[in-house]
Asker: 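For reference, the structure I am asking about is given below.
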Amino acid sequence: QVQLLESGGGLVQTGGSLRLSCTTSGRTFSSYAVGWFRQAPGKERKFVAAITWNGDSTNYADSVKGRFTISRDNAKNTVYLQMNSLKPEDTAVYYCAAGGRYASSASRYDNWGQGTQVTVTV
C-alpha cells in the first residue's frame, strides 16, 4: 500500500493551464503504474490518463488527448498531469491512483489519493 497525495488543483479560466502532481508519503511508487481519474459532481469517476511504471507508455481519454500530458519523475517520486487548453467540462475532482497494472479501468488500481479540485470558469 502507498499513500498518495495530489496537489496543484485550483481555479483557472477557460484556455488556461494547470499542472497536477501526485506523490507519496514514505514509500516509493516507482514500480507502480499510475493513473489519473476525475469525477464531476453527480457523475461517475472517469479515466483521464495513465503511465507505466517507467514512463515508456502512456494512454489518454479521448476527451483530453492533445491537451493533457502525463509524465513521471521516479527520482522525485512524482507523477504529473499537465493540463492545457482547459475547458469548463474539465471541472472535477482529480484523483491519482497507483497499481500494478497499467490500465484505464479504476478497478485495476489499489491505491488512491484524496483528490484535488480543478475548476475551470467560462
Side-chain angles (χ1 to χ4, degrees):
Q1 286 279 36
V2 292
Q3 291 184 319
L4 305 178
L5 179 64
E6 303 96 337
S7 62
L11 183 69
V12 65
Q13 291 184 330
T14 296
S17 298
L18 285 173
R19 188 176 78 161
L20 305 183
S21 298
C22 174
T23 188
T24 64
S25 57
R27 185 175 174 179
T28 179
F29 69 165
S30 59
S31 61
Y32 289 81
V34 173
W36 283 96
F37 293 79
R38 66 187 181 186
Q39 188 167 17
K43 297 187 177 181
E44 63 181 13
R45 191 169 298 187
K46 292 186 176 180
F47 170 74
V48 175
I51 190 166
T52 51
W53 71 273
N54 62 356
D56 66 348
S57 291
T58 57
N59 187 25
Y60 298 91
D62 288 343
S63 59
V64 307
K65 278 181 182 176
R67 300 187 298 123
F68 290 11
T69 303
I70 188 171
S71 63
R72 69 190 301 161
D73 185 341
N74 284 342
K76 295 183 178 179
N77 219 27
T78 304
V79 173
Y80 304 99
L81 185 68
Q82 178 67 44
M83 305 187 296
N84 299 328
S85 302
L86 282 161
K87 306 174 182 180
E89 51 263 44
D90 293 318
T91 295
V93 177
Y94 283 71
Y95 299 89
C96 69
R101 295 192 175 193
Y102 164 70
S104 59
S105 172
S107 64
R108 295 291 190 177
Y109 295 90
D110 305 313
N111 307 278
W112 291 82
Q114 295 299 306
T116 185
Q117 176 70 46
V118 171
T119 302
V120 184
T121 61
V122 175

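Sequence positions, counted from 1, serve as the residue numbers for this chain.
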Asker: Do L4 and Y95 pass the side-chain contact (heavy atoms from CB on, under 4.5 Å) test, and can you show the C-alpha distance, the side-chain angles, and the key distance before you say yes or no?
Answerer: CA-CA 9 Å; L4 305 178; Y95 299 89; over 6 Å; no
Asker: Let me check something: do V120 and V64 share a hydrophobic cluster, defined by ILVMFWY side-chain heavy atoms less than 4.5 Å apart, either directly or through other members?
Answerer: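 Yes; V64 is reachable from V120 via cluster members.
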Asker: Taking the side chain as every heavy atom from C-beta outward, state whether Y80 and D73 have any pair of such atoms under 4.5 Å apart.
Answerer: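 Counting from C-beta outward, Y80 and D73 do come under 4.5 Å.
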Asker: So does Q13 have more than 12 non-hydrogen atoms from other groups sitting under 6.0 Å from CD?
Answerer: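 12 or below, so no.
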Asker: Looking only at non-hydrogen atoms, find the nearest pair between A98 and F29 and report the distance.
Answerer: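 A98 and F29 have their closest heavy atoms at CB-CD1, 4.1 Å.
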Asker: Check the hydrophobic clustering (I, L, V, M, F, W, Y; side-chain heavy atoms under 4.5 Å; chains of links allowed) and say if L86 and V93 are grouped together.
Answerer: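 Different clusters.
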Asker: Could you check whether R45 makes a cation-pi contact with F37, meaning its NZ or CZ is under 6.0 Å from the centre of the six-membered ring and within 45° of the ring axis?
Answerer: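 Not flagged: R45 not positioned over aromatic ring of F37.
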Asker: With rounding to the nearest 0.5 Å, note down the distance linking OG1 in T14 to CD in E89.
Answerer: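 T14 OG1 to E89 CD: 8.0 Å, rounded to 0.5 Å.
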Asker: Tell me if the CH2 atom of W112 is crowded by more than 12 foreign heavy atoms within 6.0 Å.
Answerer: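 Yes.
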Asker: At their closest point, which heavy atom of V34 faces which heavy atom of I70, and how far apart are they?
Answerer: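 The pair with the smallest heavy-atom distance is O-CD1, 3.9 Å.
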Asker: Between A50 and Y109, what is the shortest heavy-atom contact and its length?
Answerer: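 For A50 versus Y109, the nearest heavy atoms are CB-OH, 3.6 Å.
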Asker: Give the minimum heavy-atom separation between M83 and V118, together with the two atoms involved.
Answerer: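 What the structure gives for the nearest pair is CE-CG2, 3.8 Å.
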Asker: What distance do S85 atom OG and R67 atom CZ have between them, rounded to the nearest 0.5 Å?
Answerer: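 So the gap between those two atoms works out to 7.0 Å.
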Asker: Output, in order, the C-alpha distance, side-chain angles, deciding distance and verdict of salt bridge (charged side-chain N to carboxylate O under 4.0 Å, His left out) for K87 and D90.
Answerer: CA-CA 5 Å; K87 306 174 182 180; D90 293 318; over 6 Å; no
Asker: So how far is it from T23 OG1 to K76 NZ, rounded to the nearest 0.5 Å?
Answerer: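 Nearest 0.5 Å value for the OG1-NZ distance: 11.0 Å.
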Asker: Determine yes or no for a side-chain-to-main-chain donor-acceptor pair under 3.5 angstrom, with T52 supplying the side chain and S57 the backbone.
Answerer: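 Answer holds: yes.
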Asker: I need the F68 CZ to T58 OG1 distance, nearest 0.5 Å.
Answerer: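 The distance works out to 14.0 Å.
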Asker: Heavy atoms, side chains only, cut-off 4.5 Å: are T116 and S7 in contact?
Answerer: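 No, side chains not in contact.
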Asker: Quick one, R38 with S63, criterion side-chain contact (heavy atoms from CB on, under 4.5 Å). Give me CA distance, side-chain angles, the key distance, then yes/no.
Answerer: CA-CA 12 Å; R38 66 187 181 186; S63 59; 3.5 Å; yes
Asker: Counting heavy atoms not belonging to Q82, are there more than 12 under 6.0 Å from its CD?
Answerer: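 Yes, the 6.0 Å shell around CD holds more than 12 heavy atoms from other groups.
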Asker: For atom CD of Q114, is the number of surrounding heavy atoms from other residues, nucleotides or ligands below 6.0 Å larger than 12?
Answerer: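 At most 12 heavy atoms, drawn from other residues, nucleotides or ligands, come within 6.0 Å of this atom.
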Asker: Got a second to check how far C22's SG is from L5's CG, nearest 0.5 Å?
Answerer: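 Nearest 0.5 Å value for the SG-CG distance: 8.0 Å.
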Asker: Tell me whether the count of non-hydrogen atoms from other residues, nucleotides or ligands lying under 6.0 Å of CZ in R101 goes above 12.
Answerer: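 Open.
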Asker: Is it the case that N77 and T28 place a side-chain donor and acceptor less than 3.5 Å from each other?
Answerer: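 Yes, T28 and N77 have a side-chain donor paired with an acceptor closer than 3.5 Å.
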Asker: Determine, stepwise, if the pair Q117 / T91 fulfils side-chain contact (heavy atoms from CB on, under 4.5 Å).
Answerer: CA-CA 8 Å; Q117 176 70 46; T91 295; 4.0 Å; yes
Asker: Measure the shortest side-chain to side-chain distance between L20 and E6 over non-hydrogen atoms and say whether it is less than 4.5 angstrom.
Answerer: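 A side-chain contact is absent here, since even the closest heavy-atom pair is not under 4.5 Å.
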Asker: Rounded to the nearest 0.5 Å, what separation is found between the CG atom of L81 and the OH atom of Y60?
Answerer: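 Here the interatomic distance stands at 7.5 Å.
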Asker: Provide the closest heavy-atom pair for V79 versus R72 in the form atom of the first, atom of the second, distance.
Answerer: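 Heavy-atom minimum between the residues: CG2-CB, 3.7 Å.
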Asker: Which heavy atom of S17 sits nearest a heavy atom of N84, and at what distance?
Answerer: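 In this case the closest contact between S17 and N84 is OG-OD1, 2.9 Å.
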Asker: Evaluate the side-chain proximity of N111 to Y32: yes if any heavy-atom separation is below 4.5 Å, no if none is.
Answerer: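 Yes, close enough: below the 4.5 Å cut-off.
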Asker: I'd like to know whether S104 forms a side-chain contact (heavy atoms from CB on, under 4.5 Å) with N59, so could you lay out the CA-CA distance, the side-chain angles of the two residues, the decisive distance to 0.1 Å, and finally the verdict.
Answerer: CA-CA 8 Å; S104 59; N59 187 25; 4.2 Å; yes
Asker: Cluster question for you: counting only ILVMFWY and a side-chain heavy-atom cut-off of under 4.5 Å, with indirect links fine, are Y94 and V2 together?
Answerer: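 Looking at the clustering, V2 is in the same group as Y94.
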